[in-house]
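Order of listing sets the numbers, starting from 1, for every ligand and every atom in it.
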Amino acid sequence: MDNSEILMTKGVTKNFGDFTALNDVDFEMKDKEAVGIIGPNGAGKTTFLNIITGYYMPDKGNVFSEGKDITHLSPAKRVALKIARTFQLVHVFDNLSVFENVALAFFRHKEGKSLPLRIFSQSLSQPLIDEKVSEYLQIFELDHLIDEVVGNLPLGSKKRLELAMAFAADPKVLVLDEPFAGLGDQEINEIVGVLKRYTHNKTILIVEHKVSKLTEFVDRLAVMNEGEIIAYGGCQETLNNPEVRRCYWKV
Ligand SMILES: Nc1ncnc2c1ncn2[C@@H]1O[C@H](COP(=O)(O)OP(=O)(O)O)[C@@H](O)[C@H]1O
Ligand SMILES: [Mg+2]
């Protein structure tokens, strides 16, 4: 096996009862590559990301990172291996402040686990934390909201916060599930701008419907349909693939 693949799946199958959500999926991406996955709703994209990030176990097949079999590792262990993700529906702590959310994500990465709240509160006073959290908040233009309670923020800010939290874990591999969903054009462009800055600096795997935004920064594009990857290659090559045209553009 070639160990250079930062992520690889072999024969990944996932069933929900009688329904096969993923069918024998082989996939690979290289270190520092940016790959987009598109496909109709229900194609299995989120299920695939859940398997890559450890939220679901496959019924068959394996997931590898740099040659290591990570199929059965928990999400927390994968974060320790530097694979971090965001969710289609945002996962942030609504009752904590913007600062506290990012600080928690930073700690999770530093300690490899959650800290007891008491230790967490004491550690928050460290200048290093202030500096790091400020850095991520600036990147995602959230610094003016630092003390806001997250529950009060609009969706666009929450999505940027979730990205800031994923970045605070200092991942090698960033896995993003529809980061543009529900956002306006300007907000999308701001996020695309940030992702472009990190393209080829981190490995980025992104599921998105907005193909024209994806092709601005991804190296390769995969199309998933009915639980299978039906095409995978350079953006134009993939979009011109006859099966893609048949399966995808009809929706
Ligand atoms: N936890 C689950 N239990 C049962 N069915 C599921 C579950 N998660 C996803 N599915 C089904 O698997 C299929 C693929 O879902 P999903 O991976 O969310 O698709 P996508 O992200 O491409 O829209 C859908 O038909 C969905 O209803
Ligand atoms: Mg989905």
Side-chain angles (χ1 to χ4, degrees), residues 7-29 34-63 70-76 78 83-92 155-156 158-163 165-166 171 173-183 187-188 191-192 195 203-215 217-218 220-233 235 238-239 241 243-251:
L7 272 183
M8 181 162 79
T9 68
K10 282 277 175 211
V12 161
T13 295
K14 179 70 183 171
N15 302 310
F16 294 112
D18 290 341
F19 177 75
T20 300
L22 291 175
N23 184 20
D24 202 15
V25 176
D26 292 343
F27 176 80
E28 47 67 35
M29 58 189 294
V35 169
I37 302 180
I38 59 173
N41 282 330
K45 305 179 300 296
T46 297
T47 303
F48 188 58
L49 297 192
N50 281 333
I51 283 175
I52 283 177
T53 51
Y55 288 81
Y56 290 162
M57 296 294 143
D59 293 301
K60 273 196 239 148
N62 296 79
V63 183
I70 61 165
T71 315
H72 298 290
L73 289 188
S74 67
R78 291 185 210 208
I83 301 172
R85 72 170 295 184
T86 68
F87 292 83
Q88 188 168 352
L89 303 170
V90 282
H91 280 207
V92 290
L155 179 67
K158 281 190 181 177
K159 288 213 141 190
R160 292 210 306 279
L161 173 61
E162 204 191 15
L163 279 163
M165 290 168 71
V173 184
L174 200 54
V175 177
L176 310 175
D177 196 1
E178 299 201 24
F180 311 149
L183 301 187
E187 283 173 317
I188 292 173
I191 294 179
V192 169
L195 293 178
T203 307
I204 301 178
L205 176 60
I206 174 171
V207 164
E208 242 310 320
H209 287 292
K210 299 212 163 49
V211 181
S212 62
K213 300 293 174 191
L214 279 186
T215 54
F217 64 95
V218 299
R220 287 194 286 170
L221 198 58
V223 179
M224 196 168 259
N225 189 52
E226 297 181 353
E228 297 186 352
I229 291 182
I230 60 168
Y232 186 23
C235 295
T238 297
L239 293 172
N241 176 300
E243 196 181 353
V244 171
R245 285 168 164 277
R246 254 197 323 275
C247 295
Y248 189 68
W249 300 117
K250 70 170 191 242
V251 227

*If you measure from CG on N50 to NZ on K45, what distance do you get to the nearest 0.5 Å?*
12.5 Å
*Considering only non-hydrogen protein atoms, determine which one is nearest to atom 18 (O) of ligand 1 and report residue, atom name and distance to 0.1 Å.*
T46 CB, 3.7 Å
*For N41, counting its heavy atoms only, list the atoms of ligand 1 lying under 4.0 Å from any of them.*
23 (O)
*When you measure from atom 19 (O) of ligand 1 to every protein heavy atom, which one gives the shortest distance, and what is it?*
G44 N, 3.3 Å
*Strictly by modelled atom types, are E178 and H209 linked by a side-chain donor-acceptor pair under 3.5 Å?*
yes
*For residues Y56 and F48, establish whether the separation of their ring centroids is below 6.0 Å.*
no
*Can R85 be said to sit on top of Y55's aromatic six-ring, NZ or CZ under 6.0 Å from centre and within 45° of the ring axis?*
yes
*Check whether any protein heavy atom sits under 4.0 Å from atom 27 (O) of ligand 1.*
no
*Is there a protein heavy atom less than 4.0 Å away from atom 13 (C) of ligand 1?*
yes
_Polar atom proximity, A21 to ligand 1 (N or O, under 3.5 Å)_ = no
*Give the residue and atom name of whichever protein heavy atom lies nearest to atom 1 (N) of ligand 1, and the separation in Å to one decimal.*
Y56 OH, 3.1 Å
*Please tell me if the side chains of V244 and I230 come closer than 4.5 Å, counting only heavy atoms from C-beta onward.*
yes
_Result of checking L49, D177, V207 against Q88 for side-chain contact (heavy atoms from CB on, under 4.5 Å)_ = D177
*With a cut-off of 2.8 Å, how many protein N, O or S atoms neighbour the Mg ion (ligand 2)?*
2
*Under 3.5 Å, N or O to N or O, is G42 touching ligand 1 that way?*
yes
_Any non-hydrogen side-chain atom of I204 less than 4.5 Å from a side-chain atom of V35?_
no
_Close side-chain approach of L7 and T203, heavy atoms under 4.5 Å_ = no
*Do you know the tightest heavy-atom contact between N23 and T20?*
CB-CG2, 3.9 Å
*Can you name the nearest heavy-atom pair linking M57 to T71, along with the distance?*
SD-O, 3.2 Å
*Should F16 be counted as touching ligand 1, given the test is an N or O pair under 3.5 Å?*
no
*Is any side-chain heavy atom of V192 less than 4.5 Å from a side-chain heavy atom of I188?*
yes
*Please indicate whether any nitrogen or oxygen in K45 is less than 3.5 Å from any nitrogen or oxygen in ligand 1.*
yes
*asked:* I need the atoms of ligand 1 closer than 4.0 Å to a non-hydrogen atom of F19, numbered in the order shown.
replied: 12 (O), 13 (C), 25 (O)
*For atom 15 (O) of ligand 1, what's the nearest protein heavy atom and its distance?*
T47 OG1, 3.8 Å
*For residues 13-28, which residue pairs qualify under salt bridge (Lys or Arg N to Asp or Glu O under 4.0 Å), counting only residues two or more places apart or in two chains?*
E28-K30, E28-R220
